[in-house]
Amino acid sequence: MELLIRRMRQEDLDEAAALEAANFSRPWKREDFAASLDMRERIYCVACLEGKVVALAGLICSAPDAELVNVSVDSTLRGQGIAAALLKYLFDEAAACGISDIVLEVRSKNTPAIKLYEKLGFKQEGLIRRFYTDPLDDGLIYWLRKDS
Ligand SMILES: CC(C)(COP(=O)(O)OP(=O)(O)OC[C@H]1O[C@@H](n2cnc3c(N)ncnc32)[C@H](O)[C@@H]1OP(=O)(O)O)[C@@H](O)C(=O)NCCC(=O)NCCS
């Protein structure tokens, strides 16, 4: 099965919202993704297997910085390099739009995501106590900086 990675489109919205709902306690809804597709400063990409959206991620850009958001992979397809491939594609798209540095927030207990970001070169630069609810957790701030 070949993984296809590309920009998110209107026809992906239902599957994107379903994936988000399956992965997060406070999920974005279909209309949130739809609004993002209309905003030039947002870059959303999906990974598809056999025509089905199995992963997504987005960047909210304020050049030269951007915030990484909504990173998620279908729970049945994790551990196969899908998130790493998707994020590399997304970051190449961002670089072409003048983005050099990328920031994100992640739950302190979310080991798979932390390991993913560290593998991609992100470094922890901050911590916000009790940043998350449902369940309560600290937030870690990670940056990927081009010149470091
Ligand atoms: C975090 C998440 C996106 C990772 O997706 P994935 O496709 O399984 O990740 P990949 O297979 O591309 O893994 C890339 C690297 O991440 C790390 N990683 C991924 N899953 C891991 C796990 N369960 N335990 C430890 N490290 C892990 C590893 O370093 C891995 O590289 P390796 O395979 O060479 O060891 C996925 O677990 C997910 O969707 N989680 C729920 C949503 C979420 O928490 N999103 C992040 C919000 S900040």
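Order of listing sets the numbers, starting from 1, for every ligand and every atom in it.
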K.L.:
Please confirm whether the backbone N or O of R130 pairs with a side-chain atom of D138, one donor and one acceptor, at under 3.5 Å?
P.N.:
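Checking the backbone N and O of R130 against the side chain of D138, a donor-acceptor pair under 3.5 Å is found.
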
K.L.:
Sort out the contact shell of ligand 1: every protein residue with a heavy-atom distance below 4.0 Å, listed by chain and number.
P.N.:
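Within 4.0 Å of ligand 1, the protein residues are F24, V71, S72, V73, R78, G79, Q80, G81, I82, A83, A84, E105, V106, N110, P112, A113, K115, L116, Y117, K119.
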
K.L.:
Taking I128 as the starting point, is it possible to reach V103 by hopping between hydrophobic residues whose side chains are less than 4.5 Å apart?
P.N.:
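Yes; tracing contacts between hydrophobic side chains, which count when under 4.5 Å, links both residues.
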
K.L.:
Can a donor-acceptor pair be found, under 3.5 Å and without considering hydrogens, that links the side chain of E20 to the backbone of W28?
P.N.:
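Side chain of E20 to backbone of W28, a donor-acceptor pair under 3.5 Å: yes, one is there.
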
K.L.:
When you compare the side chain of V46 with that of I5, does any pair of heavy atoms fall below 4.5 Å?
P.N.:
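Not in contact.
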
K.L.:
Residues two or more places apart in sequence or in another chain: which of them pass side-chain hydrogen bond (donor to acceptor under 3.5 Å, both in side chains) with T76?
P.N.:
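Result, side-chain hydrogen bond (donor to acceptor under 3.5 Å, both in side chains) vs T76: D74.
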
K.L.:
Would you mind checking if E31 and K29 are paired as a salt bridge, meaning a charged N to carboxylate O distance below 4.0 Å?
P.N.:
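The answer is no: the pair does not qualify as a salt bridge.
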
